Amino acid sequence: MPELPEVETVIRGLTPALKGEEIANVQLRRKSLRIPFPPNLKQNLEGQKILHLTRRAKYILIHLMDGNILVIHLGMSGRMTVISAGENYTLQKHDHFIMSMKNGTRVIYNDPRRFGMIFLVSQDNLQSHKVFHHLGPEPLGNEFSALVLAARLRNKKVSIKQALLDQRVVVGVGNIYASEALYLAGINPTKRAELIKGERCERLVKSIRDVLNRAIKAGGSTLKDYRHADGELGYFQHSFTVYDKEGETCSKCRKAGSAARPCIRKIVQSGRSTYYCAKTQK
DNA sequence: CTCCTGTCCTGCCGGC
DNA sequence: TGCCGGCAGGACAGGA
């Protein structure tokens with residue numbers, strides 16, 4: 001499920017609950033998610049103090065006092081829930097990982113499809129770790145620019161939509177925001193990636209940033225403290241402009257008064273749905 | 001190198 | 001109503 005904005009919203013929700021707190025107990029309710037839990041995960045976490053939380057790509061990084069980082073990826077269906085001290089909570093199906101803090105706060109990781117990952121890596125080995133070493137630039141960071149994107153798209157024969165999903169090109173963009181960003185930039189998703197340069201590339205960079213920033217903002221403003229009444233973090237009502245809107249008329253076409261002709265189409269690219277406006281995306 | 005396919009897993013929805 | 005196929009917001013390995 002979650003792409004960069006959702007992960008970011010989860011982190012903002014977890015931070016006040018976890019920052020500075022000590023982990024008292026860890027419960028693993030199965031042996032593995034997508035990959036096995038590391039053998040000593042429980043022992044390594046219990047007694048540790050949490051310094052702070054950050055994000056890299058779609059990974060949640062929980063920095064611990066001993067120099068290790070607890071890495072959590074939500075996969076397609078992972079969710080985090082915060083339960084305050086003294087609050088009642090009955091464990092649900094697919095609650096796989098539970099971390100209880102010394103002050104009584106609990107954090108629950110639930111993931112029906114189990115495509116998520118939880119593991120530990122030392123601060124020093126983070127960059128070189130298998131899942132991190134190949135990652136491209138953060139789209140909201142200073143290192144991301146039209147020149148950088150163009151360089152990474154060079155010689156890429158795949159479609160620009162597929163390229164945006166490639167975490168070596170840019171991180172954090174998933175299937176929804178790829179469609180959304182291309183719509184905003186007015187770029188046809190089937191276009192060969194290597195053809196996107198110059199002014200179009202500028203527009204794409206700006207669109208990716210816009211779409212992600214707006215989604216993060218929506219996450220913050222529609223949730224009180226990034227948290228539902230039931231403690232669940234990071235999932236918010238957010239209306240997309242083209243995603244899942246096949247057969248509807250996009251806002252640009254509506255504004256242009258094109259007699260409300262349906263312009264949004266759905267296609268499948270390397271097995272994944274793409275939505276776009278057949279009229280405005282060239 | 002790049003590209004493409006298959007795979008992991010459960011839940012849900014639409015069609016019959 | 002029940003069953004079944006297809007699809008779902010991610011990312012990896014392996015082979016061409």
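Order of the sequence lines sets the chain letters (A, B, ...), proteins ahead of strands, with each chain counted from 1. Remember, predicted model here, so these are calculated numbers, not experimental data.
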Under 4.0 Å between a side-chain N or O of [X] and OP1 or OP2 of [N]?
X: A:K156; N: B:dC1; result: no
X: A:R272; N: C:dG10; result: yes
X: A:K157; N: B:dC4; result: no
X: A:Q167; N: C:dA11; result: yes
X: A:K58; N: C:dG10; result: yes
X: A:Y243; N: C:dG9; result: yes
X: A:H73; N: C:dA11; result: yes

Every protein N/O within reach of nucleotides 7-9 of chain B N/O, cut-off under 3.5 Å:
unit_1 : atom_1 : unit_2 : atom_2 : d
B:dC9  : O4'    : A:R113 : O      : 3.4
B:dC9  : O3'    : A:R114 : NH1    : 3.4
B:dC9  : O3'    : A:R114 : NH2    : 3.3
B:dC9  : O2     : A:R113 : NE     : 2.9

- line: Side-chain contact check for A:S273: nearest option of C:dG9, C:dA8, B:dG11 is C:dA8
query: Of the candidate nucleotides C:dA8, C:dC12, B:dC4, which contains the atom at the shortest distance from the side chain of A:M76?
result: C:dA8
Between [atom2] of [N] and [atom1] of [X], the distance in whole Å:
X: A:H133; N: C:dC12; atom1: NE2; atom2: P; result: 9 Å
X: A:R152; N: B:dC1; atom1: CZ; atom2: C1'; result: 15 Å
X: A:L4; N: C:dG9; atom1: CG; atom2: C1'; result: 13 Å
X: A:H129; N: C:dC12; atom1: NE2; atom2: P; result: 11 Å
X: A:R192; N: B:dC3; atom1: CZ; atom2: C1'; result: 14 Å
X: A:M117; N: C:dG10; atom1: CE; atom2: P; result: 12 Å
X: A:E180; N: C:dG9; atom1: CD; atom2: P; result: 13 Å
X: A:E194; N: B:dC1; atom1: CD; atom2: P; result: 18 Å

query: Does the side chain of A:I83 come within less than 4.5 Å of A:T105's, by heavy atoms?
result: no
- prompt: Checking A:K252 against A:Y183: charged group under 6.0 Å from the ring centre and within 45 degrees of the axis?
  reply: yes
Distance-only polar pair, side chains of [X] and [Y], donor-acceptor under 3.5 Å:
X: A:N68; Y: A:S122; result: no
X: A:S84; Y: A:R227; result: yes
X: A:E6; Y: A:T9; result: no

field: Evaluation steps, side-chain contact (heavy atoms from CB on, under 4.5 Å), between A:K49 and A:E21
entry: CA-CA 6 Å; A:K49 199 167 164 186; A:E21 300 300 332; over 6 Å; no
message: Give me the atom names and distance for the closest heavy-atom approach of A:M80 to A:L74.
response: CG-CD2, 4.0 Å
message: Ring-plane angle category for A:H96 and A:Y109, please: parallel below 30°, perpendicular beyond 60°, tilted otherwise.
response: tilted
task: Stems involving DNA chain B: give each as a range paired with a range, ordered by first number, where a stem means at least three consecutive Watson-Crick or G-U wobble pairs under 3.5 Å.
output: B:2-8 with C:10-16, B:10-16 with C:2-8
- prompt: Would you say A:V211 and A:I216 are hydrophobically clustered, going by side-chain heavy atoms of ILVMFWY under 4.5 Å?
  reply: yes
message: Before you tell me yes or no, could you show the steps for A:N110 and A:Q92 under side-chain contact (heavy atoms from CB on, under 4.5 Å), namely the whole-Å CA-CA distance, both residues' side-chain angles and the distance that decides it to 0.1 Å?
response: CA-CA 8 Å; A:N110 179 291; A:Q92 316 268 317; 4.2 Å; yes
task: Return the 5'-most residue of the pair A:K266, A:V131 with respect to DNA chain C, ranking by each residue's nearest nucleotide.
output: A:K266
message: Any base atoms under 4.0 Å from A:F240, or only sugar-phosphate, or nothing? Heavy atoms, all strands.
response: nothing
